[in-house]
Amino acid sequence: MKNQMEKVVIIGSGAAGLTAAIYAARANLKPLVIEGIQPGGQLTITTDVENYPGYADVVQGPWMMEQMRSQALNVGARIINDVVIHVDFKKDSKTISLDSKSILSANTVIIATGAQAKWLGLESENKFNGKGVSACATCDGFFYRNKEVAVIGGGNTAVEEALYLSNICSKVTLIHRRDELRAEKILQERLFAKENINVIWNNIVSEILGDEKGVNSLEIKDKYSEKTEIIKVEGVFVAIGHSPSTEPFKGVLEMDEEGYIVAQKPGTSITNIEGVFAAGDCVDKIYRQAVTAAGMGCMAALDAEKWMQNQ
């Protein structure tokens, strides 16, 4: 595949990348998708999906991404299992260097590399991922109706998740390692006004406990006294932030201070480089849903098609 010239190269194979591939393939652009480190994106580590339109019953995230991948292949997209290590977008044709030592050239590039939730780094967190541990309240909160849950973190995301869950769950415990929140004041006021939200200060989660059914409690440790305490919860929402997967594009594309790619015009996928488009969670740090990522993938493919027609 050395120096192969492509009309459209799509980097990333989550909901945004595969939707872009479906639209680009149907426009006869013969897109090439580079799967990346996590083929299928974040939905492949999500078990029950209940909020994606079109499925009357709960579906499994990995199955849904398999279907999306098959759909992209069926309409004419090509998919390779490789990882982008370097890009050069200065010239008219964009150059993409892959981990396999292959080099691709493309007229247009769609970046859909997503973002990764930051985790606490506990073995038990990994063990109970999808069985009581989540990084997305809007995705999974529904499964904890009238149950007691914990949210870990102290920024805007953590407070927003706690507020969201307080309307679904019987009790929400926010655990923060400091003695004050970093969230905006208006969010803090809403949080403290909620009767079913309890805040535990200066504590870290030292262990997530449970059995074959899933999480049933948390062990927390006071930062100063080292005293531990067990609190009963059935769900744990880790909300300590996300990291966009944009490393290969640093210094090439315009990004904000957190590393998210900046769209040059609101409501488009256009980046600061002609012929390069971005979609999904590598751009969007507000909604971060599979359905919004898919919508942005569609936009990127349409923007890329229009750009090519104008050249």
Side-chain angles (χ1 to χ4, degrees), residues 42-43 45-52 58 60-61 116-184 187-223 227-242 286-290:
Q42 288 187 87
L43 270 180
I45 55 165
T46 305
T47 48
D48 295 346
V49 178
E50 204 170 33
N51 57 1
Y52 198 92
V58 176
Q60 298 299 299
Q116 303 291 323
K118 292 178 185 170
W119 297 98
L120 301 168
L122 300 171
E123 260 183 57
S124 52
E125 176 184 52
N126 200 33
K127 178 183 171 183
F128 290 112
N129 201 326
K131 295 177 187 169
V133 173
S134 171
C136 180
T138 43
C139 312
D140 300 326
F142 187 71
F143 302 114
Y144 300 92
R145 284 188 308 278
N146 304 318
K147 294 180 179 177
E148 296 190 7
V149 299
V151 175
I152 322 298
N156 280 355
T157 303
V159 173
E160 283 166 355
E161 302 255 286
L163 287 166
Y164 177 83
L165 290 163
S166 70
N167 297 318
I168 299 166
C169 306
S170 60
K171 183 183 176 187
V172 180
T173 301
L174 183 74
I175 300 161
H176 187 39
R177 60 193 171 131
R178 298 194 176 97
D179 59 2
E180 60 179 356
L181 300 170
R182 298 187 317 278
E184 292 165 12
L187 288 173
Q188 293 193 39
E189 285 166 18
R190 286 179 197 153
L191 182 91
F192 298 136
K194 284 276 188 177
E195 288 182 7
N196 66 336
I197 297 180
N198 174 44
V199 182
I200 297 177
W201 306 103
N202 298 317
N203 266 264
I204 58 167
V205 174
S206 48
E207 205 60 78
I208 296 166
L209 307 166
D211 52 30
E212 66 282 348
K213 290 180 188 165
V215 170
N216 57 32
S217 53
L218 277 181
E219 181 188 83
I220 59 171
K221 183 164 73 173
D222 188 286
K223 236 171 61 172
K227 185 183 157 201
T228 60
E229 183 188 346
I230 303 286
I231 54 170
K232 296 238 170 282
V233 292
E234 289 182 67
V236 181
F237 292 85
V238 181
I240 55 174
H242 282 73
I286 297 169
Y287 301 106
R288 289 200 295 260
Q289 299 298 304

For side-chain hydrogen bond (donor to acceptor under 3.5 Å, both in side chains), just list the numbers for T228 and E219, CA-CA rounded to whole Å, side-chain angles, deciding distance to a tenth of an Å, and then say yes or no. CA-CA 7 Å; T228 60; E219 181 188 83; 4.7 Å; no
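- Between Q42 and A117, the shortest heavy-atom distance links the atoms OE1-N, 4.0 Å.
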If you apply the rule side-chain contact (heavy atoms from CB on, under 4.5 Å), what do you find for L218 with I175, and how did you get there? CA-CA 11 Å; L218 277 181; I175 300 161; 3.6 Å; yes
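- Residues S217 and I230 come closest through the heavy atom pair CB-CG2, 3.8 Å.
- Atom CD1 of I152 is separated from atom CH2 of W119 by 11.0 Å, given to the nearest 0.5 angstrom.
- Annotation: the span from E189 atom CD to L191 atom CG amounts to 11.0 Å, rounded to 0.5 Å.
- How far CZ of F142 is from CD1 of I168: 8.5 Å, rounded to the nearest 0.5 Å.
- The main-chain N or O of K171 is never found under 3.5 Å from a side-chain atom of N198 such that the two would form a donor-acceptor pair.
- Distance check: E50 CD to D140 CG gives 9.5 Å after rounding to the nearest 0.5 Å.
- Across all their heavy atoms, L187 and E160 have their closest contact at CD1-OE2, 3.9 Å.
- Judged by distance alone, the side chain of N156 and the main-chain N or O of E184 form a donor-acceptor pair under 3.5 Å.
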As a quick check of understanding, evaluate side-chain contact (heavy atoms from CB on, under 4.5 Å) for L181 and L174, giving each step before the final call. CA-CA 10 Å; L181 300 170; L174 183 74; 3.8 Å; yes
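- To the nearest 0.5 angstrom, C169 atom SG is 9.5 Å from N167 atom CG.
- The 12-atom threshold is exceeded at NZ of K194, counting heavy atoms of other residues, nucleotides or ligands nearer than 6.0 Å.
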Decide side-chain contact (heavy atoms from CB on, under 4.5 Å) for L165 and Y144; before the verdict, give the C-alpha distance in whole Å, the side-chain angles of both, and the deciding distance to 0.1 Å. CA-CA 9 Å; L165 290 163; Y144 300 92; 5.7 Å; no
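- Minimum heavy-atom separation, K118 to H242: CE-O, 3.9 Å.
- Closest approach of A239 and E161 over heavy atoms only: CB-CG, 4.2 Å.
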Step by step, work out the side-chain contact (heavy atoms from CB on, under 4.5 Å) result for Q188 and E180. CA-CA 10 Å; Q188 293 193 39; E180 60 179 356; 6.0 Å; no
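- Heavy atoms of other residues, nucleotides or ligands lying less than 6.0 angstrom from NZ of K232 number 12 at most.
- How far CG of D179 is from CG of N202: 5.0 Å, rounded to the nearest 0.5 Å.
- Not a single donor-acceptor pair under 3.5 Å links the side chain of N203 to the backbone N or O of R177.
- Nearest heavy atom pair, residue Q289 against residue C139, reads OE1-SG, 3.9 Å.
- Between the side chain of E125 and the backbone N or O of I208 there is no donor-acceptor pair closer than 3.5 Å.
- Summarising the local packing, CZ of F192 is surrounded by more than 12 heavy atoms from other residues, nucleotides or ligands at distances under 6.0 Å.
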